[in-house]
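Each remark here refers to the structure printed beneath this line.
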Amino acid sequence: MQDRYVGDIGDFVKYRLLRKIRGDRELGVAWYLHPDGGPAGDGSHTAYLRDPDKWRQFDDDLFDVLGQLVPDRRSVANIQESGVLGEAVFADERLDIAKVPVPDREDWRHDWFDRTKRKLAKCDLVFADPDNGLFPTARFNPRRKESAKRIPLDEAIALAEGRAAVIYHHNTRFKGGHVNEILCWKHHLPSGTLAYYWPRVSNRTFFIINPDDDMRRRLHDFVGRPRDLGVLV
């Protein structure tokens with residue numbers, strides 16, 4: 001996650017999803033907050049806010065709040081204060097390794113993740129929001145700068161231990177297409193994991209790990225809503 005993404009179409013989708021499936025669970029958010037930076041145009045997908053007739057119907061309160069934050073108040077801090085996620089615990093320590101000496105980065109990442117887990121220990125639903133999403137643990141190198149935008153598989157599984165978790169994943173140019181990519185990740189995630197795929201503007205998938213029956217029902221209701229643009233895979 002980056003501050004400059006706040007309020008874009010991806011933000012609208014993920015908060016809608018969390019608001020729908022949360023129920024009365026205590027929500028914890030692991031922002032995986034990365035300093036702003038990357039290709040020009042990232043975070044610019046806010047045109048939906050100029051089309052309330054199409055988008056406001058999905059969640060009018062959320063639409064209005066995000067419209068108040070774009071363009072001049074885009075930050076994770078303002079999302080936390082806005083109330084769109086209700087009472088929640090936020091792990092918002094920046095995942096910024098640029099100033100960490102390369103030899104120290106592996107230990108630093110390990111300690112950062114431990115602090116994140118401890119802060120969210122009492123939550124029974126955790127949402128993890130890395131920039132780029134899931135990455136194979138065997139290929140994950142915490143010394144590389146791009147690793148700050150990724151969540152290795154073992155961290156995702158650790159966050160979901162003993163509770164439900166939602167993991168954001170930005171779909172890639174996976175050989176065979178996005179559906180095969182989603183099925184591949186589901187194979188490596190715990191049995192029963194669900195995947196909400198949103199193939200619009202910038203394709204993304206939300207993996208729902210360890211859902212109980214109530215969460216499954218809420219997710220199916222969410223996807224089954226007329227005109228919803230996402231699908232279960």
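Computed over heavy atoms, backbone and side chain alike; hydrogens, waters and symmetry mates excluded.
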ask   = What's the verdict on side-chain contact (heavy atoms from CB on, under 4.5 Å) for Val166 and Phe207, showing C-alpha distance, side-chain angles and the deciding distance?
value = CA-CA 5 Å; Val166 179; Phe207 291 97; over 6 Å; no

key: Test side-chain contact (heavy atoms from CB on, under 4.5 Å) applied to Trp185 and Leu153, step by step   = CA-CA 9 Å; Trp185 279 117; Leu153 181 63; 4.1 Å; yes

message = Please evaluate residues Asp96 and His34 with respect to the criterion side-chain contact (heavy atoms from CB on, under 4.5 Å), reporting the C-alpha separation (whole Å), side-chain torsions for both, the decisive distance (0.1 Å), and the verdict.
response = CA-CA 6 Å; Asp96 183 2; His34 191 274; over 6 Å; no

task = Begin with the C-alpha distance, continue with both residues' side-chain angles, and end with the deciding distance and a verdict on side-chain contact (heavy atoms from CB on, under 4.5 Å) for Arg163 and Val126.
result = CA-CA 8 Å; Arg163 59 188 172 191; Val126 169; 3.3 Å; yes

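You'll find the side chain of Leu27 stays beyond 4.5 Å of the side chain of Asp124, heavy atoms only. Within the 4.5 Å cutoff, side-chain heavy atoms of Val89 are placed close to those of Glu26. Considering only heavy atoms from C-beta on, Phe63 comes within 4.5 Å of Leu49 through its side chain. Side chains of Met1 and Lys149 form no contact here, defined as non-hydrogen atoms less than 4.5 Å apart. Put simply, the side chain of Leu183 reaches to within 4.5 Å of the side chain of Val233, judged on heavy atoms. With a 4.5 Å cut-off on side-chain heavy atoms, Leu189 and Leu134 count as touching. No side-chain heavy atom of Tyr196 sits less than 4.5 Å from a side-chain heavy atom of Thr205. The shortest distance between side-chain heavy atoms of Tyr48 and Lys54 does not fall below 4.5 Å.
Considering Arg74, Arg73, Arg94 as possible partners of Asp3, the one that fulfils the salt bridge (Lys or Arg N to Asp or Glu O under 4.0 Å) test is Arg94. Under the salt bridge (Lys or Arg N to Asp or Glu O under 4.0 Å) rule, Asp214 has a single partner from Lys20, Arg25, Arg22, which is Arg25.
Hydrophobic cluster membership differs between Phe140 and Phe113, with clusters built from Ile, Leu, Val, Met, Phe, Trp and Tyr side chains linked at under 4.5 angstrom. Linking ILVMFWY residues whenever their side-chain heavy atoms come closer than 4.5 Å, directly or via other members, places Val6 and Leu62 in the same cluster. Connection of Leu232 to Trp198 is established within a shared hydrophobic cluster, with ILVMFWY side chains joined at heavy-atom distances below 4.5 Å, either directly or through further cluster members. In the hydrophobic clustering of this structure, Leu33 does not group with Phe135; members are Ile, Leu, Val, Met, Phe, Trp, Tyr whose side-chain heavy atoms approach within less than 4.5 Å, directly or through other members. Note: the hydrophobic cluster containing Ile9 also contains Val76 (ILVMFWY, side chain heavy atoms under 4.5 Å, direct or indirect links).
A salt bridge does not link Asp131 to Arg150: none of the charged side-chain nitrogens sits closer than 4.0 Å to a carboxylate oxygen. Comment: Glu155 engages Arg109 in a salt bridge, judged by a side-chain N to carboxylate O separation of less than 4.0 angstrom. A salt bridge does not link Arg217 to Asp212: none of the charged side-chain nitrogens sits closer than 4.0 Å to a carboxylate oxygen. Electrostatic pairing of Asp221 and Arg218 does not count as a salt bridge here, judged by no charged N lying under 4.0 Å from a carboxylate O.
Across all their heavy atoms, Val29 and Leu120 have their closest contact at N-CD2, 3.9 Å. Closest of all the heavy-atom pairs between Ala128 and Tyr32 is CB-CE1, 4.1 Å. Contact record, Pro199 with Gly230: CD-CA, 4.3 Å, taken as the closest heavy-atom pair. Closest non-hydrogen pair, Arg143 versus Pro103, comes out as NH2-O, 4.0 Å. Closest non-hydrogen pair, Ile97 versus Pro142, comes out as CD1-O, 3.7 Å. The two residues Thr46 and Gly7 make their nearest non-hydrogen contact at CG2-O, 3.9 Å.
Here NZ of Lys14 is found 3.5 Å from CG of Asp129. Values are rounded to the nearest 0.5 Å. Distance check, rounded to the nearest 0.5 Å: CG of Leu18 to CZ of Phe206 gives 7.5 Å. In this structure, the separation between CG on Leu159 and OG1 on Thr116 is 8.0 Å, given to the nearest 0.5 Å. In this structure, OG1 in Thr193 is found 12.0 Å from NE2 in His188, a value given to the nearest 0.5 Å. Between the CZ atom of Phe90 and the CD1 atom of Ile79 there is a distance of 8.5 Å, given to the nearest 0.5 Å. Atom CG in Asp154 sits 8.5 Å away from atom CD1 in Ile151 (nearest 0.5 Å).
A donor and an acceptor atom, one from each side chain of Trp31 and Gln80, are located under 3.5 Å apart. Between the side chains of His170 and Tyr168, at least one donor N or O lies within less than 3.5 Å of an accepting N or O.
Taking a 6.0 Å sphere around CG of Asp51, one finds it holds more than 12 heavy atoms contributed by other residues, nucleotides or ligands. Counting heavy-atom neighbours within 6.0 Å of Glu87 CD, excluding the residue itself, gives a total of 12 or less.
Evaluation of the side chain to side chain donor-acceptor pair (under 3.5 Å) test over residues 172-183, restricted to residues two or more places apart or in two chains, returns His169-Glu181, Asn171-Glu181, Thr172-Glu181, His178-Tyr197, His178-Asn203. Residue pairs meeting the side chain to side chain donor-acceptor pair (under 3.5 Å) criterion with at least one member in residues 98-108: none, sequence neighbours excluded.
With sequence neighbours left out, the salt bridge (Lys or Arg N to Asp or Glu O under 4.0 Å) criterion links Glu93 to Arg115.
Taking the six-membered ring where the residue is Trp, Phe58 and Phe12 present perpendicular rings, their angle passing 60° and hence far from 30°.
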